[in-house]
Amino acid sequence: MLRGWVLQRWLQKSSIQHISSVGFSRVSQLMPRGVSQGSVVPCQLCGYTQPSFLHVASVLYKKRKGKDEKKAVMVNPKGIKEKSHVVNIWKNMTVQELADAIKRDLDTLFEIFIYVEDSEEYDRPDAAIDNLKVIQNAVKRAGLRFRLASPPDKIEMTKESKDAFRRPPPDESELVRRPPVVTIMGHVDHGKTTLLDALRHSAIVDTEFGGITQHIGAFSVRLDSGEKVTFLDTPGHAAFREMRARGATVTDIVVLVVAADDGVMEQTKESIHHALEANVSIVVAINKIDKPGANVAQTRDMLLQHGLQLEDHGGDIQAVPISALKGQNLNLLVEAIVTQAELLNLCADPRGLVEAVVVESRLDLGRGKVATCIIQRGTLSKGAVLVAGTAWCKVRNLFDDAGQPVKAAPPATPVQVIGWKELPAAGDLVLEVESERCASEVVEWRRKEETKEKQEQQQEAIQEKLNEHLAVYKAQLEEKRRLGIRVKRATLPAGGKNISVYLENWEILEFQLFENVIATCLEILFDYGSIYTFNTEIPADVQKMAKDEGVSIKKNNVIYHLVEDLKIEISQNLPPKDIEEILGEANVIEEFLITERKKKVPVAGCRCVRGVLKKEALYRVIRGQDIIHEGLLSSMYHIKSEVATITRGKECGLKFVDELLRFQPGDTLVCYQMNKVSQVTDWDPGF
């Protein structure tokens with residue numbers, strides 16, 4: 001019985017194998033008709049006897065396909081193996097373009113280059129690969145196929161500019177007469193401001209520090225003749241060259257003041273240069289003719305030597321000898337200015353959007369950010385929205401040079417504009433825009449353009465340094481090649497071993513080199529906490545030695561990863577950096593003197609206007625634009641209670657540790673603290 005059962009199982013197994021080898025459809029044809037299930041019949045192909053219960057239907061049982069299986073068959077009906085991605089390549093494609101084509105990052109592509117011959121020189125993203133073989137081999141190394149193609153057209157998409165610009169020139173029929181803008185220029189202490197005092201019957205010179213003008217003063221003066229003139233008084237000191245240059249560029253007429261006793265001096269020459277470069281009319285005022293030693297004729301000759309053709313020498317430049325201090329011949333100077341203005345036929349368009357220029361800007365404690373502007377086109381009024389450089393404002397108030405409010409400022413009028421969000425720079429062009437939203441867009445656009453320009457400049461500097469590094473590297477590489485395949489004996493630091501390396505046996509000695517170097521480093525116990533290896537294995541005995549000595553060994557196979565690890569470790573060992581954090585700001589309303597230990601101690605009565613004030617923080621006292629003190633508080637009071645913090649809008653009394661510090665209404669107190677921030681190294685190996 002046992003033998004019969006074994007034989008039957010063997011026959012069943014043999015018949016199944018036979019059916020699978022012959023084919024299901026063929027087997028069904030070979031089965032005799034009328035054979036009952038369970039009977040044994042011989043196979044017509046091979047003569048094997050097999051039980052009839054192994055019916056074809058039981059072997060060919062097939063499950064119905066689901067929707068997903070049918071979909072897979074429709075997508076790939078013949079089961080064809082997908083081909084690898086085909087990459088378009090072309091000669092002189094850049095490294096970055098190749099990385100994008102093979103859909104790999106730059107680090108991966110540089111790793112591929114390690115195994116590609118003649119790829120060493122293509123070490124920058126913008127480097128053009130002029131060797132087509134390098135491109136082809138790199139694509140193959142990435143497991144892809146390639147085909148030659150034409151370089152794609154590079155189309156630069158430029159964003160729509162949101163900047164503001166001057167309007168087109170107006171029609172002559174829209175122009176009206178305007179007052180002249182006259183700039184008084186010359187050498188220091190030649191009497192420029194004294195002349196302006198005499199013309200407007202004021203005493204400006206008394207208000208200037210040291211008796212000299214240190215800013216551009218813009219004044220609108222009604223002369224005795226009835227004419228209205230806008231005067232600019234520029235500084236004559238050598239330190240204010242840029243201010244004089246700005247004064248010459250916004251003016252119609254330059255009154256060049258030259259002292260008859262000094263003649264043409266250094267700043268006189270500079271003023272002549274600015275006036276001629278700006279192509280403006282010049283009227284010369286030869287001042288101080290009342291002083292002993294004055295020589296008008298010699299002064300005229302000196303002016304001629306410096307390119308000014310006066311009327312006395314056959315030119316068209318008027319020269320008037322005056323005494324600003326005594327008022328002598330001032331009427332002749334005024335007549336010369338008015339005549340020159342009539343010859344220029346000065347006109348402007350008083351309608352439409354305003355165009356102006358910033359003469360000076362400053363922070364006023366009482367009024368905030370103030371910019372003195374001269375209107376060149378249009379009429380400026382309250383509520384206008386202006387843009388100047390990367391600053392903008394909605395005009396809150398307008399004031400004349402005397403500090404009186406004005407409703408409107410027509411062309412050639414100097415006016416102080418209040419309401420700036422940021423201080424504009426002197427010399428900036430001022431343009432009126434339709435809305436605050438438009439002003440924000442213009443400023444944002446200009447800031448982005450400035451940032452873009454700075455980045456381009458920085459990129460040029462970086463590229464220049466990189467080129468210098470590559471030049472040194474290539475020179476060193478050429479020197480190594482010149483020396484041949486044998487490398488000279490290298491000496492390790494004190495306590496190490498001398499190792500001779502021969503390139504012929506590099507495959508053998510490379511491992512030995514690293515092993516000896518690591519072992520030597522461990523033997524002399526470097527102060528460094530880690531040993532970095534590159535592209536090598538560490539022997540077991542060296543690993544044990546490092547573990548016993550407490551030295552970590554960090555293995556790397558990619559040079560970029562090695563550099564990153566080094567940068568991280570360097571950064572971790574850098575000392576933290578102090579970064580200032582502004583916490584709040586307060587304005588001093590009044591100073592109080594309290595009695596403490598039988599002596600008067602000053603206390604600053606303040607109101608917190610921004611952020612929060614903390615007792616334990618540092619404080620900076622600002623008066624005007626100067627920092628007069630930095631230090632700690634000894635106490636902070638709100639009403640009659642000592643507190644640790646003061647929030648925005650609350651009043652408080654602040655007493656400093658330095659009891660000699662005195663306060664004035666309008667002083668600003670800035671509350672800040674110093675935070676320790678980790679530094680990150682900017683070391684660049686030049687890879």
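Taking both residues in full, the closest heavy atoms of G263 and V258 are given as O-CG1, 3.4 Å, listed atom of the first, atom of the second, then distance. Pairing each heavy atom of C671 with each of A617, the nearest pair is SG-CB, 3.5 Å. For L574 against V680, the heavy-atom pair with the smallest separation is CD1-C, 4.3 Å. Contact record, V433 with A164: CG1-CB, 4.1 Å, taken as the closest heavy-atom pair. Contact detail for M636 and K614: the closest heavy-atom pair is CE-C, 3.7 Å. Summarising the geometry of A259 relative to T299, their closest heavy-atom pair is O-OG1, 4.2 Å, with the distance given to 0.1 Å.
Although no hydrogens or angles enter the test, the distance criterion places a donor-acceptor pair under 3.5 Å between the side chain of S571 and the main chain of T681. Checking side-chain atoms of R351 against main-chain N and O of E174 turns up no donor-acceptor pair under 3.5 Å. Q679 places a side-chain N or O within 3.5 Å of a backbone atom of P575 that can act as its donor or acceptor partner. Without hydrogens or angle criteria, T647 side chain to V612 main chain gives no donor-acceptor distance under 3.5 Å. Judged by distance alone, with hydrogens and angles left aside, the side-chain atoms of D171 form a donor-acceptor pair with the main-chain N or O of S173 at under 3.5 Å. A donor-acceptor pair is defined here as one N or O able to donate and one able to accept, closer than 3.5 Å; no such pair exists between the side chain of S381 and the backbone of A408. The closest donor-acceptor contact from the side chain of N287 to the backbone of A324 lies under 3.5 Å.
More than 12 heavy-atom neighbours from other residues, nucleotides or ligands sit within 6.0 angstrom of CG on N345. Atom CZ of R177 is surrounded by more than 12 heavy atoms from other residues, nucleotides or ligands within 6.0 Å.
In this structure, I184 CD1 and S271 OG are separated by 12.0 Å, a value rounded to the nearest 0.5 Å. How far CG of L423 is from CG of D428: 11.0 Å, rounded to the nearest 0.5 Å. Within the model, atoms CD1 of I253 and OG1 of T230 stand 11.0 Å from one another, a figure rounded to the nearest 0.5 Å. Taking CZ of R178 as the reference point, atom CG of L346 lies at 4.5 Å (rounded to 0.5 Å). Rounding to the nearest 0.5 Å places NZ of K655 at 3.0 Å from OG of S634. Between atom CD of residue Q376 and atom CG of residue D349 there is a gap of 12.5 Å, rounded to the nearest 0.5 Å.
Checked against E432 for a side chain to side chain contact (heavy atoms under 4.5 Å, CB included), the options V387, V354, V395 give a single hit: V354. When each of R607, R610, R620 is paired with E585, the salt bridge (Lys or Arg N to Asp or Glu O under 4.0 Å) condition holds for R610 and for no other. The salt bridge (Lys or Arg N to Asp or Glu O under 4.0 Å) test with D163 is passed by exactly one of K448, R447, R446: R446.
Using cut-offs of 30° and 60° on the angle between ring planes, the pair F663 and F656 is tilted.
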Report the C-alpha distance between Y672 and E630 in whole Å, list the side-chain angles of each, state the deciding distance to 0.1 Å, and finish with yes or no for side chain to side chain contact (heavy atoms under 4.5 Å, CB included). CA-CA 10 Å; Y672 66 99; E630 286 186 318; 3.4 Å; yes
Quick one, T268 with H190, criterion side chain to side chain contact (heavy atoms under 4.5 Å, CB included). Give me CA distance, side-chain angles, the key distance, then yes/no. CA-CA 10 Å; T268 313; H190 276 201; 4.3 Å; yes
List the steps, then state whether side chain to side chain contact (heavy atoms under 4.5 Å, CB included) holds for E456 with K452. CA-CA 6 Å; E456 290 176 353; K452 184 178 178 181; 3.6 Å; yes
Test log, rule side chain to side chain contact (heavy atoms under 4.5 Å, CB included), inputs L386 and L380: CA-CA 10 Å; L386 305 178; L380 182 60; 3.9 Å; yes
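Considering only heavy atoms from C-beta on, C393 comes within 4.5 Å of V417 through its side chain. Side-chain contact between L593 and V603 is absent, with no heavy-atom pair separated by less than 4.5 Å. At least one side-chain heavy atom of L330 sits under 4.5 Å from a side-chain heavy atom of I322. Residues C652 and L613 have side chains in contact (heavy-atom distance under 4.5 Å, counting atoms from C-beta outward). Residues E355 and L431 have side chains in contact (heavy-atom distance under 4.5 Å, counting atoms from C-beta outward). The closest side-chain heavy-atom distance from V229 to P179 is not below 4.5 Å. Using a 4.5 Å heavy-atom cutoff, the side chains of K228 and S220 are in contact. Inter-residue side-chain proximity for N397 and K382 is flagged as met; some heavy-atom pair is nearer than 4.5 Å.
Between R437 and E441 there is a salt bridge, since at least one side-chain N of the basic residue sits less than 4.0 Å from a carboxylate O of the acidic one. A salt bridge links K615 to E642: at least one charged side-chain nitrogen sits closer than 4.0 Å to a carboxylate oxygen.
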